[in-house]
Amino acid sequence: MLILGIETSCDETAIAIVRDGKEILYSSLSSQLRIHKRFGGVVPELASRAHLESISPLLKEVLRGAKSSFRDMDGIAVTYGPGLVGALLIGVALGKSISFTLRLPWVGINHIEAHLYANFLSHSNFKFPLIGLVVSGGHTALFYMKELGKYELLGRTLDDAAGEAFDKVAKLLGLGYPGGPIIDRVAKDGNGKRINFPRPYLGKESLDFSFSGLKTSVLYYLRARGWSLSARGVLQRRIRLGRRSAFFGGGAQEVKDIAASFQAAVVDVLVEKVMRAAKIKKVKGVLLGGGVAVNSLLRREMRKRAEEGGLKVYFPTSELCTDNAAMVAGLGFIKLQAGERASLSLNADPNLSLGSREQR
Ligand code: KG4
Ligand code: ZN
């Protein structure tokens, strides 16, 4: 069964064709990084326009790349939430039109669930129940997965998402956008123990997250040491020279140490909460997904702690951690096979959630 997957929830226009929920025939995306970079974050209106411009050429490219035509498709899967409404609408409109014109079944896909499903494209033989952690630019959520499709929300961020914190701290440090990959790289030469940034565990039992205080701590740390960003976005420090003062750049090692110390704090909290959840729910395996799951320290620490605790831990490949349409097409196959069908009245839902909290 060939499924065409479409993903436009944020700043990547992505299309893929996947066979039987597993085999990626072709997956491609058009990144809007260049458009949003100078604003230091995604500008929703620009994102929708860019999706509109790139989606048709991308569709042609993917069909050609998979050596397929519309006639070979058995169904369509489209991300319909959560995300930016104007961005989601582009993908949903395309999915509906193809479905209507070619009389193909279609399903709406929850972007968060697709991030978890990305693991099923990279690995097999999962033993449920599992703990799932989605960490991306827009989401940080921890789930108990009884099986694929059954989720209990154990915890989520009360403010910033983990990826958002990476992006904001990179901006404070004048490192550029998107912050996650840059901090990951810069931190490799930094001392993560130099600054003991707060670990917001939110109490012994809580499985929720909070990252905005951590970001503020980085800001206060910089201010206390006289660092500020120049108009050109370069981190500089005012040095007093007698009665006068002057700005000096540099301080590269300190920036690396701050980046490494911030990253260590985020990773500590994420790993600790996953381990807590696994213990509370008595599971034997953990899935991670979303852009932050690319992070090298997170992968290393999670593997180490999981091994000590006798847990199996799964990460998708890097390309399948960040936004892509293969995870959408793959999950679409599972849903279509289970008989799920969307009607043409299904619309983009920017606030779509996944799972609910168990009543206590
Ligand atoms: O899953 P994704 O592509 O989009 C959303 O659904 O949000 O995640 C993007 C986020 C960005 O915040 C980016 O900075 C972060 O993932 N990210 C990383 C790394 N690579 C991407 N964060 C930490 N370390 C990385 N290596
Ligand atoms: Zn995502």
Side-chain angles (χ1 to χ4, degrees), residues 112-113 115-119 123 126-166 180 184 192-193 196-215 217 260-316 321 353-360:
I112 304 174
E113 187 178 11
H115 270 308
L116 290 172
Y117 186 82
N119 282 288
H123 312 281
F126 295 96
K127 287 209 171 61
F128 286 96
L130 295 161
I131 292 297
L133 175 71
V134 177
V135 264
S136 71
H139 320 280
T140 300
L142 193 56
F143 301 96
Y144 173 65
M145 297 172 64
K146 208 164 173 200
E147 57 189 77
L148 201 55
K150 288 225 165 86
Y151 307 91
E152 179 192 333
L153 180 67
L154 300 175
R156 65 184 168 84
T157 182
L158 304 174
D159 38 60
D160 292 352
E164 194 179 351
F166 270 95
D184 194 350
K193 294 202 171 96
N196 189 20
F197 286 126
R199 271 71 170 154
Y201 292 120
L202 309 172
K204 256 185 138 152
E205 297 288 312
S206 174
L207 294 173
D208 283 328
F209 303 89
S210 166
F211 293 110
S212 78
L214 178 55
K215 170 200 68 196
S217 299
S261 302
F262 158 78
Q263 177 177 264
V266 175
V267 168
D268 267 0
V269 173
L270 293 175
V271 173
E272 173 60 29
K273 301 264 166 160
V274 168
M275 296 307 292
R276 261 187 213 178
K279 196 170 163 204
I280 294 169
K281 290 295 187 180
K282 300 185 179 68
V283 305
K284 294 270 178 283
V286 175
L287 308 179
L288 279 91
V292 181
V294 176
N295 187 269
S296 50
L297 182 69
L298 176 62
R299 286 182 177 241
R300 201 164 62 237
E301 286 301 308
M302 193 65 247
R303 286 197 174 111
K304 197 172 111 203
R305 287 283 304 275
E307 198 176 315
E308 286 164 10
L311 278 179
K312 269 192 151 267
V313 60
Y314 303 90
F315 290 93
C321 279
S353 59
L354 182 69
S356 51
R357 299 217 190 223
E358 196 183 54
Q359 299 296 321
R360 285 175 195 236

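- Evaluated for a side-chain contact (heavy atoms from CB on, under 4.5 Å) with V274, the options L298, L287, V286 yield exactly one hit, V286.
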Which atom pairs, donor and acceptor, lie under 3.5 Å between side-chain atoms of residues 127-143 and protein residues at least two apart or in another chain?
unit_1: S136; atom_1: OG; unit_2: G138; atom_2: N; d: 3.3
unit_1: S136; atom_1: OG; unit_2: H139; atom_2: N; d: 3.2
unit_1: T140; atom_1: OG1; unit_2: A162; atom_2: N; d: 2.8

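- For residues 283-314, the pairs satisfying ring-ring contact (aromatic ring centres under 6.0 Å, His included) are H123-Y314, F126-Y314, with sequence neighbours left out.
- In this structure, Y144 OH and I280 CD1 are separated by 12.5 Å, a value rounded to the nearest 0.5 Å.
- Judged by distance alone, with hydrogens and angles left aside, the side-chain atoms of N119 form a donor-acceptor pair with the main-chain N or O of L288 at under 3.5 Å.
- Atom CD of E147 is surrounded by more than 12 heavy atoms from other residues, nucleotides or ligands within 6.0 Å.
- Among pairs with a residue in residues 281-302, those fulfilling side chain to side chain donor-acceptor pair (under 3.5 Å) read E152-K281, D184-S296, K188-S296, Q263-N295, at least two apart in sequence or across chains.
- Looking at residues two or more places apart in sequence or on another chain, you find a salt bridge (charged side-chain N to carboxylate O under 4.0 Å, His left out) between R276 and E272.
- Proximity of M302 to F315: side-chain heavy atoms (C-beta onward) are separated by under 4.5 Å at one or more points.
- Residues in residues 260-270 take part in these salt bridge (Lys or Arg N to Asp or Glu O under 4.0 Å) pairs, two or more places apart or across chains: R199-D268.
- Not counting sequence neighbours, the partners of E113 by the side chain to side chain donor-acceptor pair (under 3.5 Å) test are Y151, K335.
- Looking at residues two or more places apart in sequence or on another chain, you find a side chain to side chain donor-acceptor pair (under 3.5 Å) between S210 and D159.
- Side-chain contact between L214 and V266 is present, with at least one heavy-atom pair separated by less than 4.5 Å.
- Here L158 contributes atom CG and R156 contributes atom CZ; the two are 6.5 Å apart, rounded to the nearest 0.5 Å.
- Note: L116 CG to L148 CG = 8.5 Å, rounded to the nearest 0.5 Å.
- Residues A165 and F211 approach most closely at CB-CB, 3.9 Å, considering heavy atoms.
- Of all the heavy atoms in A264 and L297, the pair that sits closest is CA-CD2, 3.9 Å.
- Every residue meeting the side chain to side chain contact (heavy atoms under 4.5 Å, CB included) condition with E308, not counting sequence neighbours, appears here in chain and number order: K304, R305.
- For D208, the side chain to side chain donor-acceptor pair (under 3.5 Å) partners two or more places apart in sequence, or in a different chain, are R357.
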Problem set entry | Candidate pair S356 and L153, rule side-chain contact (heavy atoms from CB on, under 4.5 Å), full reasoning | CA-CA 5 Å; S356 51; L153 180 67; 5.7 Å; no
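- Under the rule for a side chain to side chain contact (heavy atoms under 4.5 Å, CB included), E307 has no partner lying at least two apart in sequence or in another chain.
- Side-chain atoms of V269 and P200, non-hydrogen and from C-beta on, do get closer than 4.5 Å to each other.
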For this session: Determine, stepwise, if the pair D160 / F166 fulfils side-chain contact (heavy atoms from CB on, under 4.5 Å).
Result: CA-CA 10 Å; D160 292 352; F166 270 95; over 6 Å; no
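- With sequence neighbours excluded, no residue forms a salt bridge (charged side-chain N to carboxylate O under 4.0 Å, His left out) with K273.
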